[in-house]
Novice: 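Pasting a structure below so you can have a look.
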There are 2 protein chains.
Amino acid sequence: MARKRPATMADIAQVAGVSRTTVSFVLNDRTDVMIPAATRDRVQKVAAGLGYRRNAAARALATQSSGLLGLVTEIVTSPFAADVIRGAQQRAWEQERFLLIAPSEDEHAMDALAIEKLLEQRVEGILLAAAWHRAISVPDAAKDVPCVLVNCYDEKGEFPAVVPDEVTGGRRAAAALIDAGHERIGHITLTPGIPAQIGRLEGFRAELQESGLGLDDDLVCLGDATAESGYLAGRELLERADRPTAIFCGNDRIAMGLYDAAKDLGLSIPGDLSVVGFDDQEILAAYLRPKLTTVALPFAGMGAAGVSMLTSLTAGRPIQDARVLIDCPLRTRSSVGPVIP
Amino acid sequence: MARKRPATMADIAQVAGVSRTTVSFVLNDRTDVMIPAATRDRVQKVAAGLGYRRNAAARALATQSSGLLGLVTEIVTSPFAADVIRGAQQRAWEQERFLLIAPSEDEHAMDALAIEKLLEQRVEGILLAAAWHRAISVPDAAKDVPCVLVNCYDEKGEFPAVVPDEVTGGRRAAAALIDAGHERIGHITLTPGIPAQIGRLEGFRAELQESGLGLDDDLVCLGDATAESGYLAGRELLERADRPTAIFCGNDRIAMGLYDAAKDLGLSIPGDLSVVGFDDQEILAAYLRPKLTTVALPFAGMGAAGVSMLTSLTAGRPIQDARVLIDCPLRTRSSVGPVIP
DNA sequence: CTGTTAGCGCCTTCAG
DNA sequence: CTGAAGGCGCTAACAG
């Protein structure tokens, strides 16, 4: 292990026989100052020779800017958090910034402690990401730097937020079913009252309305985001004499339960029943048999968008929209088929 | 947005009417120096009043220690990377350190660029995590700080590494099947030659051997880690007159393919065939029907263990084992049943 | 016990 | 074009 003290700019200056200023200029590629190519070259050679590596802390101290971004998220409990991290991380890396992650355990408040720690590191901006689309309360400390909400929003609307476009997602689901010729289409909802449930249903209903079909409220069953509820609601809907030929599920887990219900009733998918889910839970949706057609919740995209907004803000560029809706595209697989009379 | 310059120790000193040293002492809770409770209190009050927040960069510069740990991983391409991050992140947080993540895209060399960037941030140690258990070549730069390998190892064995105990995992799978009374047990391997394939088969074979059953080489089919290969190998094994009553799959994806093969042949699981997988891919294993009994690959645990090793090293404490094996526990679900003659 | 004094490594006016 | 000098916020000897 190399034990020797890392080379500093001063070392380079000494060896190259120039001043620290000159070294700084060439190492930072400052084009505004003219430095003879010869000097420039020599400095660079010496730097490389000494194995010079810039010291981020020193630079941060001097420039008063760390190049760090903070991300607070429920990393320990939510599998979705990982995707947000991935997207945010990737975008941050592209922008030559590092992402500092701090875990949040509090459903309600996005731990103030996490934010505090991030602020000590002098992050230039903070991303608060929720595992599921909802309203959160933001600790005051978050106001000390630009702050963007991901997959959540504050009641007062004080912070810019990037959230999934649930409504359009719902429309997409409906459209897929309508396009396949279905007319009796049911829906199993998520837990009543949460933004995802409201938005998805709203879009779903709107699309049906506009297509002239309309939504029969009788075909809307309340669920609660679990496979269990999907199974139960599925049985209920499918055991009716005039059962729907297609069902839009509030999420993929519900769809999974519905698959089981259909199986138990001897109904085949998509022959007897077409199904559309929501979330596109990686492995689940792709591995159900038949593969589930579903609307994707682009967590990585939201993370990336959040970082972009943040860097705009930290650069002093004001944000265009206070609320960015991220599109939820349809992932067509094999659970939707034509109506078979 | 609070625009005013953050308070510094000097500010506190001035307001509290003491020297910066004193402030530093009380704020760092240094017990080795005796400071009157009164002074201590006053300083703390002033600090709180001013909304003081320590400046990590300044401290890092002064102490020559950043409190940062680096993690290089294939975050963009591998879903497993997320678990390593989760485990590492959590452990790092517990130890009051931040984790800096840098993406690796190179299968072979764990990008030197990522390491370079991490070193610029003066991370105190680096974790190199691979998406699948294998040998990697480590860039020289990694030697500038303590470095631990996760889910991989270097050929020369120069770096401490934490890897899954594939062999014991293979034994666990065999034991589960043996305990259920199976005697004709087959195996569909991973891609031949990789550590996981070798280790799992070795453990599997050893356990069978020791139990007196032994492994019939005829019942070992070569696969390649995909569901496709699982299906094909599955058909081959199951169409035999003396088909095995149980099969251990090199991983969960293979098991999924095997499920399909069994289904196509009209064989029920676990009635006609017992199956054990490997990896415990979250959603997949838990959601296959019937749920898959499998051996877990504890990525989060490896990440956490890696961080612990790293902090030991950075603290100057030499590492006990150069190679730590992380246990792969059996996750018992519903795909293993008794032999039905 | 507390204050004074140097740096840590880098950036940035300001002169020469 | 290049050098000298000061400061970013904090820690750590070393005196008083």
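The sequence lines fix the lettering, A, B, ..., with proteins before strands; numbering per chain opens at 1.
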Novice: Between which nucleotides of DNA chain D, read 5' to 3', does contact with chain A run, using atoms under 4.0 Å from its heavy atoms?
Specialist: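 Here the contact window of chain A covers dC1(D) to dG9(D).
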Novice: Can a side-chain donor-acceptor contact be found between Ser24(B) and Thr21(B) if the only test is distance below 3.5 angstrom?
Specialist: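 On atom types as modelled, these side chains do not qualify, holding no pair under 3.5 Å.
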Novice: Checking Leu27(B) against Arg54(B) for the side chain to side chain contact (heavy atoms under 4.5 Å, CB included) test, could you report, in this order, the C-alpha distance in whole Å, the side-chain angles of both residues, the deciding distance, and whether it holds?
Specialist: CA-CA 9 Å; Leu27(B) 258 32; Arg54(B) 42 155 55 105; 6.0 Å; no
Novice: Side chain to side chain donor-acceptor pair (under 3.5 Å) with Gln90(B): which residues, sequence neighbours excluded?
Specialist: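 In terms of side chain to side chain donor-acceptor pair (under 3.5 Å), with neighbours along the sequence ignored, Gln90(B) is linked to no residue.
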Novice: Of all nucleotides in DNA chain C with an atom under 4.0 Å from a non-hydrogen atom of chain B, which is the first and which the last going 5' to 3'?
Specialist: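 From 5' to 3', the first and last contacting nucleotides are dC1(C) to dG9(C).
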Novice: Kindly give the heavy-atom pair with the smallest separation between Asp327(B) and Pro298(B), and that separation in Å.
Specialist: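 Looking at all heavy atoms of both residues, the closest pair is O-CG, 3.1 Å.
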Novice: So, Asp111(B) side chain and Leu113(B) main chain: donor-acceptor pair closer than 3.5 Å or not?
Specialist: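 It does not hold such a pair.
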Novice: Return the residues of residues 53-62 of chain A meeting this criterion: a heavy atom under 4.0 Å from some atom of DNA chain C. Order them by number, or give none.
Specialist: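 Those residues whose heavy atoms fall under 4.0 Å from DNA chain C, taken from residues 53-62 of chain A in numerical order, are Arg54(A), Asn55(A), Ala58(A), Arg59(A), Ala62(A).
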Novice: Around atom CD of Gln14(B), are there more than 12 heavy atoms of other residues, nucleotides or ligands at under 6.0 Å?
Specialist: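 No, not enclosed.
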Novice: May I ask you to say whether Glu124(A) pairs ionically with Arg97(A), meaning some side-chain N is under 4.0 Å from a carboxylate O?
Specialist: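 Salt bridge present between Glu124(A) and Arg97(A).
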Novice: Can Val123(B) and Leu69(B) be said to form a side chain to side chain contact (heavy atoms under 4.5 Å, CB included), step by step?
Specialist: CA-CA 5 Å; Val123(B) 292; Leu69(B) 257 29; 5.7 Å; no
Novice: Which is it for Phe299(B) and Asn151(B) under the side chain to side chain contact (heavy atoms under 4.5 Å, CB included) test, yes or no, and what are the steps along the way?
Specialist: CA-CA 8 Å; Phe299(B) 284 101; Asn151(B) 202 33; 3.5 Å; yes
Novice: Under 30°, 30 to 60°, or over 60°: which ring-plane class applies to Phe98(A) and Trp93(A), parallel, tilted or perpendicular?
Specialist: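 The rings of Phe98(A) and Trp93(A) stand perpendicular, inter-plane angle above 60°.
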Novice: Going by number, which of residues 14-29 of chain A have a non-hydrogen atom under 4.0 Å from DNA chain C?
Specialist: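 Close to the strand are Arg20(A), Thr21(A), Ser24(A), Asn28(A).
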Novice: NA contact type, Arg30(A), heavy-atom cut-off 4.0 Å: base, sugar-phosphate, or nothing?
Specialist: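 If one applies the 4.0 Å heavy-atom cut-off, Arg30(A) turns out to touch the sugar-phosphate alone, with no base involved.
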Novice: Using the side chain to side chain contact (heavy atoms under 4.5 Å, CB included) criterion, which residues pair with Thr77(A)? Sequence neighbours excluded.
Specialist: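 With neighbours one apart ignored, the set is Glu74(A).
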Novice: Please check if atom CD in Gln95(B) has more than 12 non-hydrogen atoms from other residues, nucleotides or ligands closer than 6.0 Å.
Specialist: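 Above 12, so yes.
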